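Keep in mind that this is a model prediction, so the values were computed, not measured.
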Amino acid sequence: MVVIKSYNDLIKIGEDEQLRSKFIADAIEEHKSTARYKTALNAELYYKHLNPTIMNYEKFIYDHIGNKVPDVWSANSKIASNWYFYFVTQAVQFLLANGVSFSDANTKEKLGDDFDQRINELATAAKNGGVAFGFWNYDHLEVFPLADSDDHPGFVPLYDDDDGELKAGIRYWQAGSNKPLRATLYEIDGWTDYAQQDKKPMRAIDEKRSYTTVGRISAFDGETVEPGENYPEFPIIPLFNINRQSELVGNRGTLDAYDLMQSGLVNNICESEFVYWILKNSGGMSEVDDTEFIKRLKLTHVAHVDSDDGGNAEPHEVNVPYEASTVSLKSLEQQLFNDFMALKVTDIAAGSVTATQIQAAYEPITQKTDLFENQVTLFIMRLLRLIGIDDKPTYTRSKIVNVDSDINTILTAAPYLTDEYVTEKILTLLGDADRIDTVLQQKAREQANRFTLTGGEDDENA
């Protein structure tokens, strides 16, 4: 049974460094044994086009005495599709490809130049792991995925047993098997670095430091941090995926079936696996002889039959079920699109389609993105509250639209709408939602100037 550590367990051990060090080492081990961690690790492999099921798949045969042995003679192509990466990327980019917008132009500046990129990375990590964590590090956002890999450290969340809120966490990494295991314990009142080497007990390598909010001073020999106060809340915020589970959950079986069928089809064609031999006048051959005969055939593709009764070997080929396999692959592909609620671009790319048809094709991914947008907005609102910014995020979804048709519809209804609303809708369709405030201000100035000029001419005529 896996025991998952919580924030309450950390509080119970107090400030005893020996107990805290052991707690951190145990928490990391327990974290790595959880189903959520293993799912997140596998999801990242699928995202990197490395289906672990197909990559670890081995073919076996049985020898004459029934032993299961690896089949090193027949083809074993391992073809991993890129469907998982496609679906996750489409879901994230549909919401965040155009960045996050705010009503106050200064908000984006306060969040850092790379905020949109970090949110994009965070959303992808949440899709893979079911949850990912954003750490506000003084003046920028850092992304903490759930599972560690060669590319990034992992993160052990420590939730409160009472209210379920994240109130502490352990970030850990190891550069190699012969390198020390490093960890950082983040708490509400600061963070502490730990290290473990050569299977010795984990130990703190520095004193607890505060999350400074005052400032930094660059020095010639490095960087020093001015003493400061901690944030009013824990500066690591979770971003959950829909249902708090990985996109891989429920879809792995279909992905594996597609890859295995595609690989099997190629192997059958390349290796003529659907060929069997009839040996005539060779009744004296034993099962050992049969096995050796097939082994030599696969190695040299030459058959020698030695018989006084005119024995020979006659190959018979069974046609590879190509059409049936292709139909099955198409069926699995459609199931993947349905299960991931993804947009099938080919459905709206062929021929002339109306705005209504485009809207209908987008309906599944729109519904799914609505749910994920709620989670992203919740994360950003908590981040803004932590920093002390009064604003809220908006998004311009990346869509293929019949722009002319939509703009004509808006212009037709314009007499019944406000000028501000019409401007916002048209700019959004044109992909310039971030310029709404600027355009509205410019139009207001032009109208004011026009009014002033008109008033002056009337006065002169009078």
Using side-chain contact (heavy atoms from CB on, under 4.5 Å), reason through Glu207 and Arg209 one step at a time and then give a plain yes or no.
CA-CA 6 Å; Glu207 295 182 355; Arg209 305 179 187 180; over 6 Å; no
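- Residues Leu384 and Phe102 come closest through the heavy atom pair CD1-CE2, 4.0 Å.
- Residues Phe133 and Val131 form a side-chain contact, since some pair of their non-hydrogen atoms from C-beta on lies under 4.5 Å apart.
- Residue-environment remark: NZ (Lys22) stays at or below the threshold of 12 foreign heavy atoms within 6.0 Å.
- With sequence neighbours left out, the side chain to side chain donor-acceptor pair (under 3.5 Å) criterion links Glu233 to Arg385.
- For the pair Ser33 (side chain) and Glu30 (backbone), a donor-acceptor distance under 3.5 Å is present.
- Leu440 has its side chain within reach of Glu424: a pair of non-hydrogen atoms, C-beta onward, lies under 4.5 Å apart.
- Between the side chains of Glu247 and Asn241, a donor-acceptor pair is found at a separation under 3.5 Å.
- The structure places OG of Ser81 at 6.5 Å from OH of Tyr258, a figure rounded to the nearest 0.5 Å.
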Go through it in stages, so that I can follow the logic: the residues are Leu411 and Ile426, the test is side-chain contact (heavy atoms from CB on, under 4.5 Å), and I'd like the CA-CA distance, side-chain angles, deciding distance and then a yes or no.
CA-CA 9 Å; Leu411 293 177; Ile426 292 178; 4.0 Å; yes
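- By the neighbour-count criterion of 12 heavy atoms within 6.0 Å, atom CD of Gln334 is densely surrounded, having more than that number from other residues, nucleotides or ligands.
- Looking at residues two or more places apart in sequence or on another chain, you find a salt bridge (Lys or Arg N to Asp or Glu O under 4.0 Å) between Asp370 and Arg397.
- In this structure, CG on Leu158 lies 7.5 Å from CG on Leu166, to the nearest 0.5 angstrom.
- Under the 6.0 Å cut-off for aromatic ring centres, Phe155 and Phe144 qualify, their centroids lying closer than that.
- Of all heavy-atom pairs spanning Pro153 and Trp173, the tightest one is CB-CB, 3.7 Å.
- Under the side chain to side chain contact (heavy atoms under 4.5 Å, CB included) rule, Pro235 has a single partner from Trp191, Tyr211, Tyr138, Tyr186, which is Tyr211.
- Ring orientation note: the planes of Phe87 and Trp83 are close to parallel, at an angle under 30° on the 30°/60° scale.
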Carefully, step by step, assess Asp162 and Tyr7 under the rule side chain to side chain donor-acceptor pair (under 3.5 Å).
CA-CA 10 Å; Asp162 298 322; Tyr7 171 72; over 6 Å; no
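- Between the side chain of Asn98 and the main chain of Thr396, a donor-acceptor pair closer than 3.5 Å is present.
- Judged by distance alone, with hydrogens and angles left aside, the side-chain atoms of His49 form a donor-acceptor pair with the main-chain N or O of Ala80 at under 3.5 Å.
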Step-by-step side-chain contact (heavy atoms from CB on, under 4.5 Å) determination, Gln197 to Leu181:
CA-CA 6 Å; Gln197 190 169 18; Leu181 172 64; over 6 Å; no
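- A side-chain hydrogen bond (donor to acceptor under 3.5 Å, both in side chains) with Ser103 is found for exactly one of Thr394, Asp390, Asp391, namely Asp391.
- For the residue pair Asp339 and Thr254, the shortest heavy atom distance occurs at OD2-OG1, 4.2 Å.
- We find the CE-OG1 distance between Met261 and Thr326 to be 10.0 Å, quoted to the nearest 0.5 Å.
- Formation of a donor-acceptor pair under 3.5 Å by the Asn8 side chain with backbone atoms of Asp160 is not found in this model.
- With 3.5 Å as the limit, one finds no donor-acceptor pair spanning the side chains of His31 and Glu29.
- Counting only heavy atoms from C-beta outward, the side chains of Leu141 and Phe135 never approach each other to under 4.5 Å.
- Put simply, the side chain of Thr89 gets close to the backbone of Phe85: a donor and an acceptor are under 3.5 Å apart.
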Could you walk me through whether Glu17 and Tyr194 pass the side chain to side chain donor-acceptor pair (under 3.5 Å) test, one step at a time?
CA-CA 10 Å; Glu17 277 304 325; Tyr194 290 80; 3.1 Å; yes
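- Salt bridge status for Lys167 with Asp163: present, with a side-chain N to carboxylate O gap under 4.0 Å.
- Closest approach of Pro180 to Gln174, counting heavy atoms only: O-CG, 3.7 Å.
- Salt-bridge formation is not detected for the pair Lys5/Asp9: no Lys NZ or Arg NE/NH1/NH2 atom is positioned less than 4.0 Å from an Asp or Glu carboxylate oxygen.
- Side chains of Arg252 and Thr53: a donor on one and an acceptor on the other come within 3.5 Å.
- Thr184 has its side chain out of reach of Ile170: every pair of non-hydrogen atoms, C-beta onward, lies at least 4.5 Å apart.
- A salt bridge between Lys368 and Glu373 is absent, with no side-chain N of the basic residue lying under 4.0 Å from a carboxylate O of the acidic one.
- Note on ring orientation: taking the six-membered ring where Trp is involved, the planes of Tyr362 and Phe94 are parallel (angle under 30°, cut-offs 30° and 60°).
- Side-chain contact annotation: His152 with Glu44, donor-acceptor N/O pair under 3.5 Å present.
- Expressed to the nearest 0.5 Å, how far CZ of Phe372 lies from CD1 of Ile365 amounts to 11.5 Å.
- In the displayed structure, Glu363 atom CD is contacted under 6.0 Å by more than 12 heavy atoms of other residues, nucleotides or ligands.
- Looking at Thr377 and Tyr395, their side chains do bring a donor and an acceptor atom within 3.5 Å of each other.
- Annotation: side chain of Ile119 is in contact with side chain of Phe379 (closest heavy-atom distance under 4.5 Å).
- Listed by chain and residue number, Thr423, Lys443, Gln447 satisfy the side-chain contact (heavy atoms from CB on, under 4.5 Å) test with Asp419 (two or more places apart in sequence, or in another chain).
- Around NZ of Lys425, the count of heavy atoms belonging to other residues, nucleotides or ligands within 6.0 Å does not exceed 12.
- In this structure, the side chain of Ser246 engages the main chain of Asn128 through a donor-acceptor pair within 3.5 Å.
- Between Asp151 and Lys48, at least one side-chain nitrogen of the basic residue sits less than 4.0 Å from a carboxylate oxygen of the acidic one, meeting the salt-bridge criterion.
- Judged by distance alone, the side chain of Asn51 and the main-chain N or O of Ile54 form a donor-acceptor pair under 3.5 Å.
- In terms of modelled atom types and a separation under 3.5 Å, the side chain of Asp116 and the main chain of Val100 share a donor-acceptor contact.
- Within a 6.0 Å radius of CZ in Arg203, no more than 12 heavy atoms belonging to other residues, nucleotides or ligands are found.
- Interatomic distance, Glu187 CD to Thr192 OG1, rounded to the nearest 0.5 Å: 6.0 Å.
- Applying the 6.0 Å contact sphere to NZ of Lys392 captures no more than 12 heavy atoms from other residues, nucleotides or ligands.
- Between atom CG of residue Leu255 and atom CG of residue Leu248 there is a gap of 6.5 Å, rounded to the nearest 0.5 Å.
- Between the side chain of Ser21 and the backbone N or O of Met202 there is at least one donor-acceptor pair closer than 3.5 Å.
- By the 6.0 Å contact criterion, OH on Tyr421 is open, its count of non-hydrogen atoms from other residues, nucleotides or ligands being 12 or less.
- A donor-acceptor contact shorter than 3.5 Å links the side chain of Thr124 to the backbone of Asn120.
- Contact annotation: the side chain of Pro157 never approaches that of Ile236 to less than 4.5 Å [non-hydrogen atoms, C-beta and beyond].
- Contact check for Gln117 versus Asp113: no side-chain heavy atoms found under the 4.5 Å cut-off.
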